[in-house]
Protein chains: 4
Amino acid sequence: MTESRQSRRTRDPERSRRAILDAARDEFVAHGFTGGRTGRIAEAAGVPQGLLYHYFDNKEGLFDAVMEDTLAPYFNGMLDMLQSAEVPDLDLLEDSVRRYFQFLHDNPHVARLLAWWFADQAWEGKPLTRKQGVAEAVELLGAARIREGQDAGFVRRDLDPALVIKTFIDMCVMWHMSKGRHMLHTAPGEEQADLDARYLDHMVDVFLNGVVAPEHRPR
Amino acid sequence: MTESRQSRRTRDPERSRRAILDAARDEFVAHGFTGGRTGRIAEAAGVPQGLLYHYFDNKEGLFDAVMEDTLAPYFNGMLDMLQSAEVPDLDLLEDSVRRYFQFLHDNPHVARLLAWWFADQAWEGKPLTRKQGVAEAVELLGAARIREGQDAGFVRRDLDPALVIKTFIDMCVMWHMSKGRHMLHTAPGEEQADLDARYLDHMVDVFLNGVVAPEHRPR
Amino acid sequence: MTESRQSRRTRDPERSRRAILDAARDEFVAHGFTGGRTGRIAEAAGVPQGLLYHYFDNKEGLFDAVMEDTLAPYFNGMLDMLQSAEVPDLDLLEDSVRRYFQFLHDNPHVARLLAWWFADQAWEGKPLTRKQGVAEAVELLGAARIREGQDAGFVRRDLDPALVIKTFIDMCVMWHMSKGRHMLHTAPGEEQADLDARYLDHMVDVFLNGVVAPEHRPR
Amino acid sequence: MTESRQSRRTRDPERSRRAILDAARDEFVAHGFTGGRTGRIAEAAGVPQGLLYHYFDNKEGLFDAVMEDTLAPYFNGMLDMLQSAEVPDLDLLEDSVRRYFQFLHDNPHVARLLAWWFADQAWEGKPLTRKQGVAEAVELLGAARIREGQDAGFVRRDLDPALVIKTFIDMCVMWHMSKGRHMLHTAPGEEQADLDARYLDHMVDVFLNGVVAPEHRPR
DNA sequence: TATGAATGAGGGTTCATTCAT
DNA sequence: TATGAATGAACCCTCATTCAT
């Protein structure tokens with residue numbers, strides 16, 4: 001009798017925190033920061049509203065935590081990927097693009113969080129995450145890898161490495177942000193799944209042809 | 001501008017409607033639909049809040065009107081541009097990209113409205129504007145133009161015209177959505193103004209090299 | 001061309017006033033004074049909102065006008081009825097009850113206006129209409145007629161004539177206010193039309209048996 | 001009463017709920033559903049407006065709760081009364097009428113809530129309370145009791161028991177709805193208190209004479 | 001007389017946050 | 001740590017009424 005009422009959701013701080021964070025991610029992904037409701041988060045997490053404020057300062061603190069929690073693996077994964085390959089070559093470049101595209105494909109909430117960030121926070125100059133350094137590291141490392149490609153001769157030397165990186169990242173992100181739904185609403189009469197693959201091939205093709213040194217071009 | 005907050009209660013419905021629409025555009029551009037406040041809109045427009053509901057059904061109706069009012073010239077301009085040139089050639093293609101980029105540059109609120117749409121409405125399947133037909137017409141006409149380019153031989157025949165269109169549109173939109181602030185936060189130590197120009201050159205270069213038939217490539 | 005735009009709803013004050021009054025009656029009957037909307041009234045009447053205030057002081061003035069306009073024939077009809085019969089007798093008494101019941105049956109909005117008045121205005125001590133005198137005249141005349149009946153010997157002498165009047169009026173009004181729908185929700189499985197008739201017979205029976213002198217009782 | 005506006009922010013949910021419900025009852029009794037203001041309710045209850053929505057879905061939910069809370073004892077009391085007397089006789093019938101009249105006299109808000117219901121909700125077909133069953137039970141039991149009276153011989157056999165019940169209920173309710181203020185505005189020059197008593201006597205007299213079998217008539 | 005734009009005071013309701021328990 | 005009642009500032013919208021035309 002003494003523990004029956006207690007045992008339902010008994011003291012498990014870590015589980016509570018995790019549940020809140022997961023619920024918050026779903027909420028913010030679906031509605032953005034402004035549209036996100038703490039009430040819905042608490043309900044989805046199965047905790048009382050007040051508990052949110054034990055683990056996080058306020059709605060904004062919770063949002064930031066979600067961003068970090070969600071984007072950290074994203075950046076870390078890229079860092080790993082960029083560091084893994086010793087000698088950069090053409091295949092690695094293509095492979096990088098494809099793996100990046102695949103990552104967004106497998107983590108659709110990442111793309112949508114980025115969309116919210118572009119619309120809302122980026123304009124106010126708010127950094128993407130509090131550990132901004134990681135994001136910058138990725139970019140610097142990526143640019144460095146491109147520069148190695150230029151040194152090796154298979155990437156055009158007249159291009160700014162940072163912009164090369166940006167070019168393919170933008171195309172991948174944009175595709176997943178618009179969910180295959182071209183801004184100008186096409187409906188090519190094929191499966192959505194195939195469309196993703198077809199777009200990826202198209203994009204890689206155009207990108208490589210645009211970026212690779214003439215003598216190394218695929219076609 | 002000196003007479004803006006003037007003698008209200010003087011009859012000028014058109015001016016009122018315009019003022020509301022302009023104020024609403026600024027508000028929704030800055031805060032999105034959910035974050036937009038009708039109170040701020042009314043204040044900025046210099047009209048009582050109740051008047052909004054004389055001209056529009058509700059907040060959503062006002063938002064839709066703003067979208068239409070803002071995007072109509074955008075689409076119409078593109079239609080004109082696509083129709084104007086009689087014989088498509090390489091220069092026209094490059095010119096189109098540059099003009100499109102320039103348009104977004106000159107109308108930054110368009111890019112940001114698109115950003116909100118990507119984050120919020122697009123996911124719910126809401127069409128970009130109520131006159132969806134215009135948007136589709138642009139896309140179809142654009143694709144048709146690319147196809148003419150393929151027939152003329154200067155655009156690669158193995159590419160899907162619709163995806164070619166999407167490729168450069170995405171790059172232009174993405175740049176202006178992120179306001180030059182690469183998602184991965186680069187700061188190349190130069191003026192923002194120059195950065196735009198430099199990115200445009202880079203993008204056009206990569207795009208054309210990727211898309212144009214080998215024998216017509218710029219370099 | 002000069003009269004085409006004019007002729008639609010050209011100057012016809014009386015028609016406008018009438019249209020407003022009719023629309024207002026429907027509105028107030030359906031929603032009461034507080035729930036009645038001037039906007040709906042104007043719309044139903046086919047006139048702009050502002051015009052209401054040319055014919056009436058304000059919402060309350062319009063409501064009062066409706067009450068008067070609706071209840072005047074009601075009271076005048078009763079006055080006529082009470083004055084018409086020269087010598088009161090038992091049949092006249094029964095006939096009066098039946099005609100009163102019938103009147104409410106034929107004018108359902110009267111019963112509902114009374115319902116609103118009971119709930120809302122009566123409690124605040126507001127008179128039923130501005131020409132309160134007519135209502136009082138009806139009552140006095142009715143009571144006088146009952147007194148004549150007492151003198152003639154067919155109405156019990158120990159009853160207060162005013163209460164006798166009230167007794168049957170209340171029963172008639174209550175029936176039509178509750179629209180046959182007993183307060184305690186019965187559903188006798190018969191036609192609503194028949195129910196009215198059956199109730200009337202019942203009521204008249206009980207009323208006469210209760211009020212008429214023993215030697216004149218119908219059964 | 002001295003402690004009513006006290007230390008709020010002290011935990012007592014039951015008291016809060018009760019205070020809201022009581023304040024709401026007064027408000028709705030005085031102004032009906034449409035005219036009732038949640039702001040006034042909150043103020044009278046001594047709670048912030050937002051708290052109403054912690055305990056009730058919305059204004060309508062609060063109204064329904066008030067109806068139920070107010071009418072439940074009304075119906076339950078009648079049920080008890082009808083069940084209590086084992087053998088029905090003439091005195092019991094008269095007693096029932098008098099007790100019902102007295103109940104409405106002692107609970108004036110019940111009569112006025114009924115008045116609002118007649119004017120507003122009944123017409124839209126809305127049930128009197130959510131526990132409609134109780135109301136129907138009262139009616140069925142009442143009719144059953146009258147039927148017993150018919151079997152016992154002291155109630156006229158030619159009358160429909162359900163209508164007999166309705167007859168006296170209507171007279172009681174109507175009197176209290178119009179608060180002794182006859183629809184036709186009588187003012188017999190006596191105290192209001194006495195008037196109630198005198199009307200009750202009159203009504204019981206007429207009713208019994210009308211309903212009771214000839215050989216059992218009081219006079 | 002007729003019109004409908006303009007006004008501003010609330011109306012019901014939501015919501016992030018605090019706090020006693 | 002956990003709970004959910006309590007708080008109050010907005011928020012969107014409605015509505016009776018006024019007034020320039």
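- Using a 4.5 Å heavy-atom threshold, the side chains of Thr70(C) and Val29(C) count as separate.
- Summarising the geometry, the separation between CG on Leu52(D) and C1' on dT7(F) is reported as 12 Å, rounded to the nearest angstrom.
- Along DNA chain E, the nucleotide nearest to Tyr53(D) and the one nearest to Arg17(B) differ in position, and the one closer to the 5' end is contacted by Arg17(B).
- No side-chain heavy atom of Asp26(B) sits less than 4.5 Å from a side-chain heavy atom of Ile41(B).
- Atom CD of Glu14(D) and atom P of dG4(F) are 15 Å apart (whole Å).
- Leu51(B) has its CG atom 16 Å from the P atom of dA9(E), to the nearest Å.
- Once rounded to the nearest 0.5 Å, the distance linking CZ of Phe56(B) with OG1 of Thr38(B) reads 13.0 Å.
- In this structure, Trp116(B) and Trp116(A) have side chains that are in contact, with non-hydrogen atoms separated by less than 4.5 Å.
- Listed by first then second residue, pairs satisfying salt bridge (Lys or Arg N to Asp or Glu O under 4.0 Å) with a partner in residues 50-66 of chain D read Glu60(D)-Lys126(D), Asp64(D)-Lys126(D), not counting sequence neighbours.
- Separating the CZ atom of Arg15(D) from the C1' atom of dA20(E) is a distance of 14 Å, rounded to the nearest angstrom.
- The shortest distance between side-chain heavy atoms of Asp69(C) and Arg18(C) falls below 4.5 Å.
- Listed by chain and number, the residues in a side chain to side chain contact (heavy atoms under 4.5 Å, CB included) with Tyr55(D) are Pro13(D), Ser16(D), Arg17(D), Ile20(D), Leu51(D) (sequence neighbours excluded).
- For residues 28-43 of chain C, proximity to DNA chain F is found at Gly36(C), Arg37(C), Thr38(C), Gly39(C), defined as any non-hydrogen atom under 4.0 angstrom from a strand atom.
- Side-chain N/O atoms of Ser16(A) include none lying less than 4.0 angstrom from OP1 or OP2 on dT1(F).
- Looking at Glu68(D) and Lys131(D), their side chains come closer than 4.5 Å, going by heavy atoms from C-beta outward.
- Atom-to-atom, NE2 of His54(A) to P of dA20(E) comes out at 12 Å; the value is rounded to the nearest Å.
- A heavy-atom distance below 4.0 Å to DNA chain E is reached by these residues of residues 55-68 of chain A, ordered by number: Asn58(A), Lys59(A).
- For Ala115(C), the side chain to side chain contact (heavy atoms under 4.5 Å, CB included) partners are Met177(C), Ala119(D), not counting sequence neighbours.
- For DNA chain F, the stems formed by at least three consecutive Watson-Crick or G-U pairs, with both atom-pair distances below 3.5 Å, span E:2-21 with F:2-21.
- No side-chain heavy atom of Val66(B) sits less than 4.5 Å from a side-chain heavy atom of Phe33(B).
- The shortest distance between side-chain heavy atoms of Gln121(D) and Met67(D) does not fall below 4.5 Å.
- When rounded to the nearest whole Å, the span between CD of Gln49(D) and P of dA6(F) equals 16 Å.
- Remark: C1' of dA6(E) and CG of Asp12(B) are 12 Å apart, rounded to the nearest angstrom.
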